[in-house]
Each structure stands twice: as C-alpha cells, then as structure tokens.
Amino acid sequence: MHDIRAIRADPAAFDRALARRGLPPASADILAHDEARRASLAAVQERQARRNAIAREIGRAKRSGADTSALEAEALTLREEIAALEAEAQAAEARLTHALERLPNRLDPEVPDGPDESANVVLHVHGTPRPAEGARQHFEIGEALGLMDFARAAKLSGSRFAVLSGALARLERALAEFMLERHTQANGYTEVSPPLLVNDAAMYGTGQLPKFAEDLFRTTDGRWLVPTAEVPLTNLVAGEILEAAALPMRLTALTPCFRAEAGSAGRDVRGMLRQHQFWKVELVSITTPEQSEAEHERMTRCAEGILTELGLAWRRVFLCGGDTGFASARTYDLEVWLPGQGAWREISSCSNCRDFQARRMNARYRPAGGKGTEFVHTLNGSGVAVGRALIAVLETFQNADGSVTVPEVLRPWMGGAERIG
RNA sequence: GGAGAGGUGCCGGAGCGGUCGAACGGGUCGGUCUCGAAAACCGAAGUACGGGUAACCGUACCGUGGGUUCGAAUCCCACCCUCUCCGCCA
C-alpha cells in the first residue's frame with residue numbers, strides 16, 4: 001500500500017514510479033478521491049463536534065429539569081446530516097483504497113529498467129555450469145530410477161503433481177532439513193511452523209489479494225492455501241507495534257506451497273519444475289527502514305550459501321522493473337544451472353518490500369529514543385525452493401550409469417549414502 | 001457440532017445510557033530523597049485520522065460490523081475469538 005501523503009507531496013514522482021512498472025499515471029485520480037474524502041471527513045467531524053456538545057447540554061438540562069425539545073430537534077437533523085456525509089466519506093475512502101491497493105510497490109532507483117525478464121541483469125555467477133551435452137533431465141533420471149512417478153500422481157491429483165518415493169523422497173527431506181539446519185544454526189533464523197490455511201486479511205497483507213486471487217487455491221470455508229510461507233510468516237507481525245530492540249526478526253519455515261498456476265498452461269509441463277504443490281524453506285525478516293537494505297543482501301547470501309554448499313552452479317540476477325513482483329521494491333533472483341535442461345532456472349527470489357506490506361497489514365515499531373511509531377520493513381526470500389533444489393541436484397550430479405551422487409552436505413540426512421541408484 | 005461464560009489501555013481489573021479515553025492496582029518512564037540503590041512520595045505516558053507553520057484544536061477507537069437513542073464501553077442483532085463442560089476426532 002502506498003503512502004497517500006507521499007503522493008500528495010509529489011504526484012509527478014509517483015506517476016514516474018508507476019511508469020517504471022509500465023503503468024499509466026494514477027495520481028490525479030487518487031488525489032481527487034483523497035480530496036473528496038478529506039472534505040467530507042472535515043464536514044462530518046464538524047457536525048460530530050456540534051452533536052457531542054448538544055448531547056452534553058441535553059444531559060445537563062435534563063438533570064435540572066429544563067426543556068430540551070429544541071436541542072433534540074437540532075440534534076436530529078445533525079444526525080441525518082452526519083449519516084449522509086459519513087456515507088460520502090466512506091464511499092470516497094473506498095474509491096481511494098480501491099485505487100491504491102492494486103498498485104505495485106515503488107521500485108528502488110537502482111532497479112534496472114526493462115519490460116520483462118530479458119532486461120534482468122546478471123550480477124554474479126558462481127561455479128562452473130556442467131555442460132548440457134549428454135545430460136538428462138531430472139524426470140528422465142527420476143523415472144529411470146523408478147523413484148519419480150508422474151502417471152500415478154496424475155491418477156491421484158491431475159497434472160502438475162509428482163510422487164517421489166524411496167531415496168528421492170528421502171533426498172527431498174534431506175534437502176529441507178539441511179537448509180533449515182543452516183538457517184537456524186548458522187544464519188540466526190528462528191524456525192516457525194505456521195498455519196498453511198490463512199484468511200483474507202493475511203493474503204491482503206502480503207499483497208496476494210485482491211489482485212491475484214486466481215493464482216491461489218481457496219477452501220470451501222473461505223480460507224486460502226498459502227502459496228508461500230512468506231504469507232503466514234510476514235503476517236505474524238500484522239497489526240502489532242514492535243519494540244526496536246526486537247528487530248530485526250529473522251524467521252524461517254519449511255512448508256508446502258500451493259499455487260494454482262493459472263495462466264502458465266503449457267509452460268514447463270514436463271517434470272516437477274512447476275507444480276501445484278512444492279516444499280520450500282522460506283526466509284522472512286522484519287527490520288527497521290535503516291536495516292532493510294543490508295538485511296536484503298544478508299538474506300540473499302544466506303540463500304546463496306545453500307546453493308554453494310550443495311555444489312550447484314548459480315547466478316544472482318537483479319530483476320528489472322517489469323519483472324519485479326507486486327509487493328517488492330527490489331528483488332534478486334537466484335538461478336541455478338540445470339544441465340539437463342541446459343538453462344538457468346529460478347530457485348530463489350529475495351525481495352525487499354520495504355514498508356509496502358507493513359502498511360497493508362499495519363505492522364509498526366517504536367524507534368529507539370524516538371517518539372511515535374514507524375512502519376517496519378519486510379523482506380522475504382526462498383532459502384531455497386526444495387523441489388527445484390532436488391531437480392538441480394539430480395541433473396548436476398547425475399552419473400553415466402543412471403545413478404546420482406549425493407552431495408556431501410546431504411549425506412548426514414541420507415544415512416550416509418553417497419549415491420542413489 | 002451442543003450448552004454455558006467472557007472479550008475494556010503494557011498487564012490485572014472496575015465501569016446506574018450523559019460530566020468516560022475510561023476508576024483502582026501493578027508495571028514502565030521522569031523527578032524528589034540517597035554516597036549509590038531499594039522503599040516512600042510527586043509527576044508523566046495510548047493509537048490513528050482531519051485542521052494548523054507551530055503551540056494546539058477537533059474527531060474516531062473499550063473484539064469486528066450493523067442497529068436503537070438527542071447521547072452507547074454501557075441496550076439490541078450478527079459475526080469473530082478465548083475459556084469451561086459434553087460430543088466427535090489425528
């Protein structure tokens with residue numbers, strides 16, 4: 001959500017920021033609603049003050065037995081005026097909110113310009129990509145091992161699901177535990193086991209609603225399946241006023257993620273790269289505005305560390321304006337090299353949302369020594385997507401005989417096994 | 001799911017429909033006292049919106065949303081949540 005005061009102060013800057021997202025100017029419309037709202041609000045408050053004064057006077061008069069009929073008559077007309085003006089104010093406020101809540105966050109000035117992913121900027125490459133020649137794709141490897149089954153998954157659930165069994169099921173769990181271990185023991189994150197079904201308010205807070213409902217699964221009782229643990233973790237502080245000493249808060253969670261994948265029909269249909277359900281270890285930080293930029297770098301490095309330790313080739317990509325997500329001001333994607341596919345594919349996305357989500361969910365803190373409250377900054381990043389890590393491990397460490405070498409860091413969770421198959 | 005009780009400020013806990021943004025107690029912060037501390041005493045302190053350069057003024061907020069009333073923390077309705085008992089259940 002945007003700060004209406006900032007828009008008032010510099011509408012042109014606001015429109016320029018929208019243009020970087022490829023969106024038309026909106027400030028004129030917004031400011032018109034804002035002015036209408038403030039005008040009726042002032043009128044309402046003026047009459048409320050008068051009404052309160054009259055009510056007090058009637059109270060006094062009644063006790064002294066005086067006649068109050070004239071006062072009551074005036075109050076009655078005031079009541080009608082207030083009701084009408086209040087309706088106006090609410091309508092204007094609703095129009096204002098409707099306009100504001102659909103606009104994406106302002107981009108950091110450093111975000112590269114560009115309409116889509118083709119304009120993203122590669123900042124850093126780590127490791128040597130294994131040549132694609134002769135490399136098989138993860139589903140070929142998994143199916144040949146008899147440990148990855150899409151036909152049976154389709155029988156149970158339809159397309160975009162997978163069944164893993166035996167060593168692959170264990171590998172998936174090993175990856176997740178390895179990640180959690182690093183983030184909780186080395187990186188200072190607190191593990192959380194959150195609800196996976198959340199209400200409208202939570203989805204609104206992180207920005208999935210109202211615009212992106214079609215990407216979500218909804219339960220019959222009106223709740224939503226979380227598309228990422230970012231939603232429950234970030235909303236943990238919704239509506240709260242935190243002490244500055246409590247910041248930064250660093251939270252991590254291993255959860256399934258559910259995504260409807262509407263609009264991606266036909267994309268990545270083979271294998272388990274794009275599923276309706278996948279596991280992910282998420283990182284969320286709640287910080288002060290002063291801390292958030294450094295925290296963003298720190299978080300990204302925590303995610304990178306996982307890929308490095310696994311021995312995967314990865315690169316950090318600075319998303320351009322057109323590719324940066326709705327709630328984010330600045331996003332780094334981590335892409336892992338998939339030899340089987342011969343392509344870099346997203347495995348993590350680390351975003352600094354600044355105060356955008358905090359405003360939506362009204363999450364604040366008390367600055368040390370200062371007065372009043374400020375909105376916190378929220379950040380989230382995958383640390384990392386477990387399913388895609390599994391794919392990368394299979395494709396990177398596949399052997400000519402069809403087996404897969406288990407990365408050393410995972411062996412403690414694999415009963416010491418050095419290879420699968 | 002059924003029956004009952006309840007949701008008030010940082011916490012506990014009052015609150016005949018009018019003088020309640022809210023008694024009282026605790027905690028917190030500042031001060032007095034003290035070599036220092038404790039105790040005691042005095043004082044301060046909610047959040048948001050609107051107006052104003054500012055001091056400040058106004059409005060709203062006692063789970064949420066409606067309603068009754070000249071006036072609602074207080075009355076009525078719906079919903080949400082918590083607790084107790086019963087049923088069901090991993």
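Within every chain, numbering begins at 1; the chains are lettered A, B, ... in the order of the sequence lines, protein sequences first and strands thereafter. Because only heavy atoms are used, hydrogens play no part in the values below, and waters and symmetry mates are left out as well, while side chains stay in. Note that this is a predicted model, so its numbers are computed, not measured.
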With a 4.0 Å limit, can you tell me whether A:Asn52 has a side-chain N or O closer than that to the phosphate oxygens OP1/OP2 of B:rA60? yes
side-chain N/O A:Thr373 vs B:rA48 OP1/OP2, d < 4.0 Å: yes
Is [X] touching bases, backbone alone, or none of the nucleic acid, heavy atoms closer than 4.0 Å?
X       : value
A:Arg47 : nothing
A:Arg8  : sugar-phosphate
A:Arg50 : nothing
A:Ala55 : base
A:Arg56 : nothing

Given [options], which nucleotide is nearest the side-chain atoms of [X]?
X        : options                : result
A:Arg364 : B:rC70, B:rA48, B:rG50 : B:rA48
A:Arg5   : B:rC49, B:rU59, B:rU69 : B:rC49
A:Ile58  : B:rG71, B:rG18, B:rG50 : B:rG18

Using Watson-Crick or G-U wobble geometry with both distances below 3.5 Å, tell me the partner of B:rG17, or none. none
A:Glu35 CD - B:rG50 C1' separation (whole Å): 14 Å
Any chance you could lay out the salt bridge (charged side-chain N to carboxylate O under 4.0 Å, His left out) test for A:Glu240 and A:Arg364, step after step, and finish with the verdict? CA-CA 6 Å; A:Glu240 299 199 3; A:Arg364 293 164 291 166; over 6 Å; no
Can the ring centroids of A:Phe356 and A:His377 be said to lie less than 6.0 angstrom from one another? no
Tell me whether the rings of A:Phe161 and A:His276 are parallel (<30°), tilted (30 to 60°) or perpendicular (>60°). tilted
